[in-house]
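Shown next, in structure tokens, is the structure this report addresses.
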There are 2 protein chains.
Amino acid sequence: MPPLKLPPDSLDLAQILKASGVKATVQRLEIYRELSGSMQHPDAEAIYRGVRRRIPTVSLDTVYRTLLLFLKLGLVSSLRLPHERIRFDPNLTPHHHLVCTRCGRVQDFTHPDFDALKVPEAAQSWGVIEKMQVEIRGQCERCARQTKPGRSRSLIQTKEEPK
Amino acid sequence: MPPLKLPPDSLDLAQILKASGVKATVQRLEIYRELSGSMQHPDAEAIYRGVRRRIPTVSLDTVYRTLLLFLKLGLVSSLRLPHERIRFDPNLTPHHHLVCTRCGRVQDFTHPDFDALKVPEAAQSWGVIEKMQVEIRGQCERCARQTKPGRSRSLIQTKEEPK
DNA sequence: TCCTAAATAGTAATGAATATCAGATAGTAA
DNA sequence: TTACTATCTGATATTCATTACTATTTAGGA
């Protein structure tokens with residue numbers, strides 16, 4: 001399951017899926033079409049509602065499974081990670097986060113370039129800004145060292161918990 | 001409940017709470033102490049385990065309620081928001097997010113300054129980087145217009161869903 | 001000390017996200 | 001085309017983080 005990271009126009013999604021060694025089912029194609037046609041960053045439920053208009057028998061579980069598969073293949077991204085629980089941070093001074101997509105651990109970092117960032121005007125007109133923060137996602141060294149390919153269905157295994 | 005945003009050394013937390021019109025209970029003080037003593041960005045469960053060493057009868061619900069209260073008062077922040085479900089994003093090109101902490105809606109934005117950011121070396125040595133993204137949190141204009149103070153227990157009301 | 005709103009403990013409920021498994025399907029080879 | 005087989009799907013059950021409920025206790029002012 002090689003990490004293909006092309007922005008797939010739905011045309012060749014079937015090819016990409018096959019090249020990744022998974023089947024190009026109608027459910028998968030429709031789920032991708034539904035997602036790619038939205039600017040709303042929909043959740044699984046919203047995608048489910050949309051897809052069901054064309055495939056009335058599709059199940060919510062298939063939608064979840066497919067979206068997580070797309071995630072694993074790098075065909076889409078997600079705002080928060082699967083299995084990610086709420087973590088709290090007492091540090092109110094400006095800082096940023098390194099988040100491991102496998103173990104979920106978070107590490108702070110700071111950098112002058114990041115502190116110098118100004119909130120763009122586009123955001124000002126969007127609403128009332130509370131905070132701005134950079135998140136870097138990846139795999140911490142420890143996780144990266146372990147079995148290279150992420151075989152699990154979801155991205156975060158929460159077994160090894162903080163502290 | 002005025003938004004006091006001082007970084008409270010646990011000494012005056014009691015004062016801050018009272019000034020905010022809520023009671024300074026031992027549970028609240030201990031929960032804050034537990035959180036502020038950690039660099040791990042712990043979740044509610046981890047904080048619960050720690051606090052229970054000193055207050056064996058504390059309940060997990062109290063921990064959750066207290067942390068959400070701290071969030072609302074701006075005394076702590078959270079990595080992801082309460083009630084936030086997984087949202088998917090088909091856009092693989094570099095972009096950033098405006099997230100409304102009240103309705104949960106997400107809007108993309110781009111900005112040359114943000115695109116010019118380079119992954120700092122500190123992050124390179126941390127592990128294998130997959131992506132870097134800026135998140136701006138706040139209230140979208142629509143939500144900001146409504147009843148000013150956030151009265152809800154949790155920060156996101158998920159009733160009004162995407163699309 | 002007494003009083004009362006607010007907070008807590010204990011527990012039940014909720015709901016997003018996963019797992020299980022029997023039956024259906026895609027893709028291949030003949 | 002047909003048959004074959006690993007992969008997928010749909011339906012359902014389950015898990016588990018998070019939130020709600022309620023009787024009881026407590027903080028903090030009178």
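Throughout, a chain's letter reflects where its sequence line sits, starting with A, and its residues are numbered from 1.
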Contact nearer the 5' end of DNA chain D, comparing A:V58 with B:E45: A:V58
statement: Taken to the nearest whole Å, CD/B:E84 to C1'/D:dT18 is 14 Å
- prompt: Can you hop from B:I55 to B:L17 via hydrophobic side chains spaced under 4.5 Å?
  reply: yes
query: Whole-Å distance between C:dA17 P and A:L79 CG?
result: 12 Å
task: Among the candidates C:dA17, C:dT8, D:dT9, find the nucleotide nearest to the side-chain atoms of A:R28.
output: D:dT9
- prompt: Which hydrophobic side chains are connected to A:L117, either touching it within the sub-4.5 Å cutoff or through other members that do?
  reply: A:L98, A:F109, A:F114, A:V119, A:W126, A:I129, A:M132, A:V134, A:I136, B:L98, B:F109, B:F114, B:L117, B:V119, B:W126, B:I129, B:M132, B:V134, B:I136
Which atom pairs link the protein and nucleotides 22-30 of chain D when you take only N or O atoms and keep those under 3.5 Å?
{"from": "D:dA27", "atom 1": "N3", "to": "B:K23", "atom 2": "NZ", "distance (Å)": "3.3"}
{"from": "D:dG28", "atom 1": "OP1", "to": "B:A24", "atom 2": "N", "distance (Å)": "3.0"}

message: Tell me every residue that passes salt bridge (charged side-chain N to carboxylate O under 4.0 Å, His left out) with B:R52, counting only those two or more places apart in sequence or in another chain.
response: none
statement: With sequence neighbours left out, the residues meeting side-chain hydrogen bond (donor to acceptor under 3.5 Å, both in side chains) with B:D108 are A:H41, B:H97
- prompt: What's the closest nucleotide to the B:R65 side chain, out of C:dT8, C:dA17, D:dT18?
  reply: C:dT8
query: When Ile, Leu, Val, Met, Phe, Trp and Tyr are grouped by side-chain heavy atoms lying under 4.5 Å apart, directly or through other members, which residues fall in the same group as B:M39?
result: none
- line: Taken to the nearest whole Å, CG/B:L60 to P/C:dT8 is 13 Å
query: Just to confirm, is there a sub-4.0 Å distance from OP1 or OP2 of C:dT18 to any side-chain nitrogen or oxygen of A:Y64?
result: no
message: Using OP1 and OP2 only, check whether a side-chain N or O of B:S59 sits under 4.0 Å from C:dT8.
response: no
- line: A:E30 atom CD is separated from D:dG10 atom P, nearest whole Å, by 12 Å
task: Quantify the bending of the helix from C:dT1-D:dA30 to C:dA30-D:dT1 as the angle between its end axes, each fitted on five pairs, to 10°.
output: 40°
message: Nearest whole Å is fine: how far is C:dG27 P from A:Q15 CD?
response: 10 Å
- request: Taking side chain to side chain contact (heavy atoms under 4.5 Å, CB included) as the test, write out the residues that go with A:E135, two or more places apart.
  value: A:V99, A:R137
- prompt: Which residues pass the side-chain hydrogen bond (donor to acceptor under 3.5 Å, both in side chains) test with A:S59, sequence neighbours left out?
  reply: A:T62
message: On DNA chain C, compare the nucleotides closest to B:T57 and B:I86; which residue's is nearer the 5' end?
response: B:T57
query: Roughly how many Å is it from CZ in A:R85 to C1' in C:dT18, rounded to a whole number?
result: 15 Å
- request: Please report, rounded to the nearest Å, how far the C1' atom of C:dA17 is from the NE2 atom of A:H83.
  value: 7 Å
task: Look at A:D43 together with B:R87 and state whether they make a salt bridge at an N to O cut-off of under 4.0 Å.
output: no
query: Among pairs that include at least one residue of residues 20-32 of chain A, which meet salt bridge (charged side-chain N to carboxylate O under 4.0 Å, His left out), considering only residues two or more places apart or in two chains?
result: A:E30-A:R33, A:E30-A:R54
message: What is the separation between atom OH on B:Y48 and atom P on C:dT11, rounded to the nearest whole Å?
response: 10 Å
